[in-house]
Amino acid sequence: MAHVRKTTHSRKTAARSRKTSVRKSAKRATSKRWSQRVTKESDALDLKRGVFTLTSPKKIAASLKRSAEHSSRRKTGTYRSALSMLTFYINRAGKTLPKTQRARLEQAKVELKWAFGRA
């Protein structure tokens, strides 16, 4: 009788796990910058380039308001569109957003409320 060697997992399992790891990494590469695509192609707003890097929260809010009022791609009200785009940017930046920039953008939310008379 031939000696059968036992392994912790079969060859089929090893091959299957290799295939899934390849699939996961391929999927990650294609959807890595989906948020960038959303800001360019969605029906949210036509934003001025570099609006989120402005130094003044008032300037950020004014630019978002102007973009929301002049955009033909938005599906909802001007205030809601501007605020959702600002929130989207803050959320997608996540932990990589510097604290000073995050504070500036959070203050821009308050300025946006004032600009639309919602405060």
I90 CD1 to Q101 CD distance, which is reported to the nearest 0.5 Å: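 CD of Q101 is found 9.0 Å from CD1 of I90.
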Straight-line distance of R80 CZ to T78 OG1, nearest 0.5 Å: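 Result: 12.0 Å between the selected atoms.
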Using modelled atom types only, decide if a donor and an acceptor are shared between the side chain of [X] and the backbone of [Y] within a distance under 3.5 Å.
X: S71; Y: A68; value: no
X: S81; Y: G77; value: yes
X: K65; Y: A115; value: yes

Residue pair [X] / [Y]: nearest heavy atoms and the distance that separates them:
X: I60; Y: A108; result: CG2-CB, 3.9 Å
X: K48; Y: S67; result: N-OG, 3.9 Å
X: L105; Y: L97; result: CD1-CD2, 4.0 Å

Any residue meeting side chain to side chain donor-acceptor pair (under 3.5 Å) with E69, in chain and number order, not counting sequence neighbours: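 If we apply the side chain to side chain donor-acceptor pair (under 3.5 Å) test to E69, skipping adjacent residues, there are no hits.
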Salt bridge (Lys or Arg N to Asp or Glu O under 4.0 Å) partners of residues 96-106, not counting sequence neighbours, each pair once: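 Applying salt bridge (Lys or Arg N to Asp or Glu O under 4.0 Å) to every pair that reaches into residues 96-106, excluding sequence neighbours, yields E106-K109.
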Parallel, tilted or perpendicular: rings of F116 and Y79 (30°, 60°):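 Ring orientation, 0 to 90° scale: perpendicular.
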F52 and L47, any side-chain heavy atoms less than 4.5 Å apart: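 Yes - at least one pair of side-chain heavy atoms lies under 4.5 Å apart.
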